[in-house]
Enquirer: 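I'd like to ask some things about the structure below.
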Amino acid sequence: MQHSIQEIQAMSKLTLYRMLIKNVQYYPSKNKFKIMLAIKESFREHRSLNDSKKIIQEIKIAQMGLRNLEMYRIKNQEMKDVYKVKDDGFQESMNPKDKNFIYF
């Protein structure tokens, strides 16, 4: 389920943080763990912010990141559901027993 822009904007900071951490596993990168650590570190660093403009700016960055991560989660699910290898029933014998086969 993808959240709408209004739902993401209405999320508390803690919910936004949790959703970011949860959805980073679907990001197509070998550096998922480092990205997750960067998210955690960023939230820790900005925990003590007092400037309201800076707080709003950081929340908007986190919201944009969540939308991107959700997009990858949805694409990942779509790839699992839509693109499947079709079994056409063809099975070639791995051990052909004909006159051209050489036994060792």
Side-chain angles (χ1 to χ4, degrees):
M1 177 186 127
Q2 185 173 9
H3 295 90
S4 68
I5 293 173
Q6 291 81 16
E7 289 173 331
I8 291 176
Q9 289 174 344
M11 287 181 182
S12 69
K13 289 180 236 174
L14 183 59
T15 305
L16 189 61
Y17 172 76
R18 287 179 180 161
M19 294 296 292
L20 279 166
I21 297 299
K22 181 180 175 183
N23 285 302
V24 78
Q25 66 181 335
Y26 301 106
Y27 189 70
S29 173
K30 63 181 183 178
N31 296 324
K32 293 177 201 177
F33 186 70
K34 289 182 183 178
I35 293 169
M36 183 185 65
L37 292 178
I39 291 169
K40 288 181 177 184
E41 183 180 330
S42 176
F43 269 82
R44 278 190 208 110
E45 286 176 3
H46 297 106
R47 186 185 305 171
S48 61
L49 277 179
N50 294 326
D51 184 17
S52 62
K53 287 183 180 180
K54 185 73 172 165
I55 292 171
I56 291 170
Q57 180 184 7
E58 294 299 325
I59 289 175
K60 287 188 185 225
I61 290 171
Q63 290 170 347
M64 183 179 65
L66 179 59
R67 281 183 286 219
N68 288 336
L69 289 174
E70 282 190 337
M71 176 190 66
Y72 285 113
R73 180 179 52 83
I74 290 168
K75 281 293 186 187
N76 189 2
Q77 188 63 39
E78 180 183 313
M79 293 292 285
K80 287 180 183 176
D81 293 342
V82 175
Y83 301 105
K84 297 197 183 244
V85 176
K86 296 179 182 174
D87 184 19
D88 59 1
F90 176 75
Q91 291 185 355
E92 186 176 325
S93 175
M94 295 300 290
N95 188 12
K97 294 183 170 123
D98 62 356
K99 59 184 174 186
N100 294 330
F101 187 73
I102 301 172
Y103 291 95
F104 293 99

Enquirer: Set out, in order, the CA-CA distance, both residues' side-chain angles and the distance that settles side chain to side chain contact (heavy atoms under 4.5 Å, CB included) for Q77 and D81, then state yes or no.
Expert: CA-CA 6 Å; Q77 188 63 39; D81 293 342; 3.2 Å; yes

Enquirer: Within a strict 4.5 Å, meaning less than it, do heavy atoms of the E70 and Y26 side chains meet?
Expert: no

Enquirer: Quick check on side chain to side chain contact (heavy atoms under 4.5 Å, CB included): which of E41, E58, K13 does H46 satisfy it with?
Expert: E58

Enquirer: What pairs with S12 under side-chain hydrogen bond (donor to acceptor under 3.5 Å, both in side chains), at least two apart in sequence or on another chain?
Expert: T15

Enquirer: If you measure from CG on L37 to CG on N31, what distance do you get to the nearest 0.5 Å?
Expert: 11.0 Å

Enquirer: Heavy-atom count check: over 12 atoms from other residues, nucleotides or ligands less than 6.0 Å from K60 NZ?
Expert: no

Enquirer: Under a single-linkage definition using a 4.5 Å side-chain heavy-atom cutoff for Ile, Leu, Val, Met, Phe, Trp and Tyr, are Y27 and I61 assigned to the same hydrophobic cluster?
Expert: no

Enquirer: For the atom pair CD (Q25) and CD1 (I35), what is the distance rounded to the nearest 0.5 Å?
Expert: 13.0 Å

Enquirer: Looking at CG of L66 and CZ of R73, how far apart are the two atoms once the value is rounded to the nearest 0.5 Å?
Expert: 8.5 Å

Enquirer: Provide the closest heavy-atom pair for I21 versus V24 in the form atom of the first, atom of the second, distance.
Expert: O-CG1, 3.3 Å

Enquirer: Determine the minimum heavy-atom distance between L16 and I59, stating which atoms define it.
Expert: CD2-O, 4.0 Å

Enquirer: Answer yes or no: are there more than 12 heavy-atom neighbours, outside Y17 itself, under 6.0 Å from its atom OH?
Expert: yes

Enquirer: State, yes or no, whether a side-chain contact exists between E78 and K75 at a heavy-atom distance under 4.5 Å.
Expert: yes

Enquirer: Are I55 and M64 co-members of a hydrophobic cluster defined by side-chain heavy atoms under 4.5 Å apart?
Expert: no

Enquirer: Which heavy atom in L20 sits nearest to a heavy atom in G65, and how many Å separate them?
Expert: CD2-C, 3.8 Å

